[in-house]
Structure formats: C-alpha cells, structure tokens
Protein chains: 2
Amino acid sequence: MFLYICFMEQTKSIYSPYLSVDCVVFGFDGELIRVLLIKRKQAGQEVFALPGDLLDLSESLDETAVRVLNDLTGLNNIYLEQFGTFGDVDRISNPIDIEWLSTIRERPEERVITTAYFSLIKIEDFELKPNSFAEQVLWQPIEQKKQLAFDHNKIANTAWSILQYKIRNEPIVAFNLLPKKFTLRQLQGLYESIVGSELDKRNFRKRIQGKKFVSPLEEFEEGVAHKPARYYSFDEEIYKREFEKGQWFLF
Amino acid sequence: MFLYICFMEQTKSIYSPYLSVDCVVFGFDGELIRVLLIKRKQAGQEVFALPGDLLDLSESLDETAVRVLNDLTGLNNIYLEQFGTFGDVDRISNPIDIEWLSTIRERPEERVITTAYFSLIKIEDFELKPNSFAEQVLWQPIEQKKQLAFDHNKIANTAWSILQYKIRNEPIVAFNLLPKKFTLRQLQGLYESIVGSELDKRNFRKRIQGKKFVSPLEEFEEGVAHKPARYYSFDEEIYKREFEKGQWFLF
DNA sequence: TCAAAAGTGTTTGCACTACACCCATGG
DNA sequence: CCATGGGTGTAGTGCAAACACTTTTGA
C-alpha cells in the first residue's frame, strides 16, 4: 500500500489530469427554455449538476458524451455538438464537490478537465430515466438561476450564449426545440425566449412565409378559447439545400 | 522493471489520456493567408506539425497554449482562442509520429487528446525563433496543402473553416491580420483570400466607408508605379461599441 | 358578449447589386 | 506614353420596419 501511494505521487507529474464530458441539453416547453440537470445522490445535500462523467480510455470524446447522457438520463440518439473545453486549475475546489467525489472516485482532489457538449431536443419526445449517480433528472427553466456543481454555471452560461448566437444564424436550432407540428405563435415565442426581446408578429410571419422549409399544414389547434391556429412543419431536406446555397438567414 | 510495466498496464484504465494543446496561428503577408508550422527535430524525416505540446499539471489550458506557442516559436503576447478538442481514439497512429514520440516521451503509444487554439497575427509584427523540438518555424500558405503530423490537417482545416465563417460575422478578424495602416486594396484582398471569391471594388469601398471603425489617414503609399493609395486605420474602441449594439455586420 | 389569440397589407426608407471610366504615378 | 492600380456615382431592386383592425373560438 505504501508503495502504491508513492507511485501515485510520482506519477502525478507524468500523467495528465482526468478528462470528463459534460452535456448541456436545452429543451422548450412551449413557454420556457429549460436545461437538463441531474440531482446527485449525495447524502444530506441537494446538489444539482450538468450530466457528465469521466472519459473511458477506450472511447472518443463524442462517444463519451453519448454514453454519459444515456447513463444518467436515459436519453438516447440525440444530436450532440462539442462547444468547449474547460481547464481552469481550480475548477474543482468547492468542498461539497470534493466530498462527493470522494464517495465515487479515488483521489477526489485530482484535477479534472472537461469537454462540454451542447444539445437541443423536443422535451416531449423523450422520457427521462434517472440512473447511475443521478437521483433525479429535471428540466430547469433557464431564467431561474440555480447554483450548480463545479464550474457548471459557467459551462451552462457559455452554452446559453452560443444558443442565442446560433439562433440568429442557423434557424434550424429553433426547429430542434419544437414539436414536429407547431404554430407560428410557438415559433415566435421560442425566438423571443432566446433572443430576449419581442418581435413584430406580422413581420415575423412574413419572414417565415418566405422560407420554403416551413410548410403550412391543413391541421389546426383544437379546444382553444380563441381562433385555432394553423400548424406548420419543418422540412430539414429543403432547409439543408437552402443552407448550402447560403440563403439561410432567418434574421 | 517488470513491476513497473505491470503497474502501467493497470493504471491505463485509472488514468486519463494525455492532454495536449495545439495552436493554429494565421497570418497574412499582403497576398496569401498563411499558417504557422514547425518542422520537427526528427532524424532523417521532414515532418511538419502545428506548434503544440503536452499540458503541464499546474497550468490551465489557456496558459498551456501561451507557453507552448512561446516555447516553440518565440511568439509572445498574442491573442489565442480555443476552438475545439480532438479526441478520436486513433489520432496517434502514424508510425512516423509514434517513432518521434518515442524519442521525447515515455509510453509513446499512449493516447493523447488535444485542445486546439486559434490565433490571428500580423506577420511583420513578430520575429519567429524556433526552439525546443522545433527545428524550424515557417509560414505555410494555406492553399498549399502539406501533410502534417497526427490529425493536424484536420485541426488546421477546422480552424480555416472557422476563420472563413468568422470573417462574415466578426470583421475584427480582418484587422487582426493587417498592419496598423493598410490600404483598402489590402483589406479587400484579405477578404477575397478568405472568402475565396472576388468582390466588387466600388461596393466594397462603399461598405467600408459606412463603418465608423475604419478611418482614412492623411498618409499615402510611396514609390508605387501607380496612383498612391490612401492608408486607413482600424479603431478597436469604436468597433467594440458598434459590436455591442449589434450593428457590426460588414457583409 | 367578452376575452384571447389568429391572421392579414401597405408604405417607406435603407441597403445591396451591377456596372465603366478617369486619375496619378513610376518606369 | 504606357502600364498599373486608385478612386468615384447612379439607377434599380428587394428586404426590413413600422403600424391596427377584423376574425374565430370557448367560456
């Protein structure tokens, strides 16, 4: 045992820090943008975090992201895009985090660098199943700030900025968050939630009507206490063709 | 020794892969966009690579990038922006790379994941000084494809795509590549080099004249065999103000 | 009949495109 | 005087912004 410890000390400078993957998954419930969080199995504490775990030596980063998200939340087959790697020396410094790590990991104080992935899903398409060290999985509204583990607030904020930037240049992100059939009110509400300002209804609808990748359906809302809205659908094939031609700016 | 090997085998699954940092530094010589490469000190081989090296456990990723670039090329005090982390399992597989790693590293076959940084500099502002394991430092024209070590071609291509994307949305990247005083011909040439198509001179100049962050100077070219061009300068303060207001699209 | 959201057109100005010729300089 | 790149203006077109009322439905 003594030898083992000595060796570990010695290897500290030879080896790299641990590497982990964290996922920021966004969803839209028709009104609010939400982020997927897990609640840790940690005795006596309520600690929330982004779903994430250590990389296994046999996996690529992308594979780790897929596995980790599935292990912790049950989510499967969803699009993930890498957006950054967070390598500050002190990103694991909160005693509560270290306490928790000591229950699941040797050498809990060891440095960890994490690569973050970003995803957009339709909330109602998936059923969440907490698993592994996640006691609970929840959809946290983005505007309700919650204290997260490690530097996960920083990571989530970075992802949020990227989403806000992307929706201006790649309108597909909006349709990834909406159901297959959606009303223009929903689409506009989603835009407004993300860009954070109100948009003119007539101009918004005019722009949408000019986009071939959004098609009106012959279906309408039912049981609403106002004129029922028409449903629309998104055609990814057409979108991609337009996108390649460079005519893909929605705003 | 046997024990040592055994332990290494055992730790493989405990420890993470090595972590390294690679830098893609772009420059513009007035005509061509170039990328900064190093030539390795490797006997009997001419191998070129992006400047990069392993992370030290005491450094953040950003600090590593700064150090590595300085160690290998002498470059100092330059802006670096992280743009991706490359973690494929087989990214170190070329025998020439493994042979070289065996001369500078224990366990050369060990997996390495690398975080890549992106930079834009004015070529003439800096003097290159090869150092460490760099035998030579060179500015390679971007359109002359060269076989690079590891997956550095993939990394450099990703950086190039990002530059092409950025110049459309963040015109500041252009001014990072130009001297403090530049002619509109130089600016237009730079744009054309990056976007890869020709632009209309009159329309280009009209757009520039509408931007408050580009100011005409009372200086002109000298000794040229044609009408001397006026020099212009870039005002980063004004740019940032416009940028914050969201009125920053050059195209 | 009321509340609530759906849906619809016009005008105005700004921005982008296409396009061709004279100017200043050095060799 | 020639070659080279610098520098300029206009007409036409299309997109974006501002803006208010009628319609349909359930309660």
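In what follows, every chain begins at residue 1, and chains take the letters A, B, ... in the order their sequences are listed.
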Subject >> Nearest-nucleotide 5' precedence on DNA chain C, B:Glu222 against A:Gln186 >> reply: A:Gln186

Original post:
Can you check the B:Tyr231 OH to D:dG7 P distance for me, whole Å?
Top reply: 11 Å

Subject >> side-chain hydrogen bond (donor to acceptor under 3.5 Å, both in side chains) partners of residues 23-35 of chain B, not counting sequence neighbours, each pair once >> reply: B:Asp29-B:Arg34

Original post:
Which nucleotide in the set C:dT17, C:dT25, C:dA20 lies at the smallest distance from any side-chain heavy atom of B:Pro228?
Top reply: C:dT25

Original post:
Rounded to the nearest Å, what distance is computed from the CG atom of residue A:Leu199 to the C1' atom of nucleotide D:dA18?
Top reply: 14 Å

Original post:
When you measure from the side chain of B:His226, which nucleotide among C:dG9, D:dT8, D:dG6 comes out closest?
Top reply: D:dG6

Original post:
Could A:Lys41 and A:Phe133 be counted as a cation-pi pair, given that NZ or CZ must be under 6.0 Å from the ring centre and within 45° of the axis?
Top reply: no

Original post:
Taking NZ from A:Lys227 and P from D:dT22, how many angstroms apart are they, rounded to a whole number?
Top reply: 13 Å

**OP:** Ignoring hydrogens and angles, answer whether the base of C:dA6 and the side-chain atoms of A:Arg230 contain a donor-acceptor pair closer than 3.5 Å.
**Re:** no

Subject >> Spacing between A:Glu198 atom CD and D:dA18 atom P, to the nearest angstrom >> reply: 13 Å

Subject >> Side chain of A:Lys206 (C-beta onward), nearest among D:dC19, D:dG7, C:dT10 >> reply: C:dT10

Original post:
Can you check the B:Phe204 CZ to C:dT17 P distance for me, whole Å?
Top reply: 12 Å

Original post:
Do B:Lys181 and B:Tyr231 meet the cation-pi criteria used here (NZ or CZ under 6.0 Å from the six-membered ring centre, within 45° of the axis)?
Top reply: no

Original post:
Could you state the CD-P distance from B:Gln209 to D:dG6, rounded to the nearest angstrom?
Top reply: 14 Å

Original post:
So among A:Phe28, A:Tyr239, A:Tyr79, A:Phe182, which one has a ring pair (Phe, Tyr, Trp, His ring centres under 6.0 Å) with A:Phe175?
Top reply: A:Phe182

Subject >> Of B:Lys201 and B:Ala225, the one whose closest DNA chain D nucleotide lies more 5' >> reply: B:Ala225

Original post:
If only side-chain N and O atoms of A:Arg207 are considered, is one of them under 4.0 Å from the OP1 or OP2 phosphate oxygen of D:dA17?
Top reply: yes

Original post:
DNA chain C: A:Asn203 or A:Glu221, which has the more 5' nearest nucleotide?
Top reply: A:Glu221

Subject >> Nearest-Å distance for atom pair CZ/P, residues B:Arg185 and D:dG6 >> reply: 6 Å

Original post:
If you measure from the Lys or Arg side-chain nitrogens to the Asp or Glu carboxylate oxygens, is any gap between B:Lys240 and B:Glu236 under 4.0 Å?
Top reply: yes

**OP:** Identify whether any heavy atom of B:Arg205 sits under 4.0 Å from a base atom; if not, whether one sits that close to sugar-phosphate; answer base, sugar-phosphate or nothing.
**Re:** base

**OP:** In whole angstrom, give the distance that lies between atom OH of B:Tyr232 and atom P of D:dG6.
**Re:** 11 Å

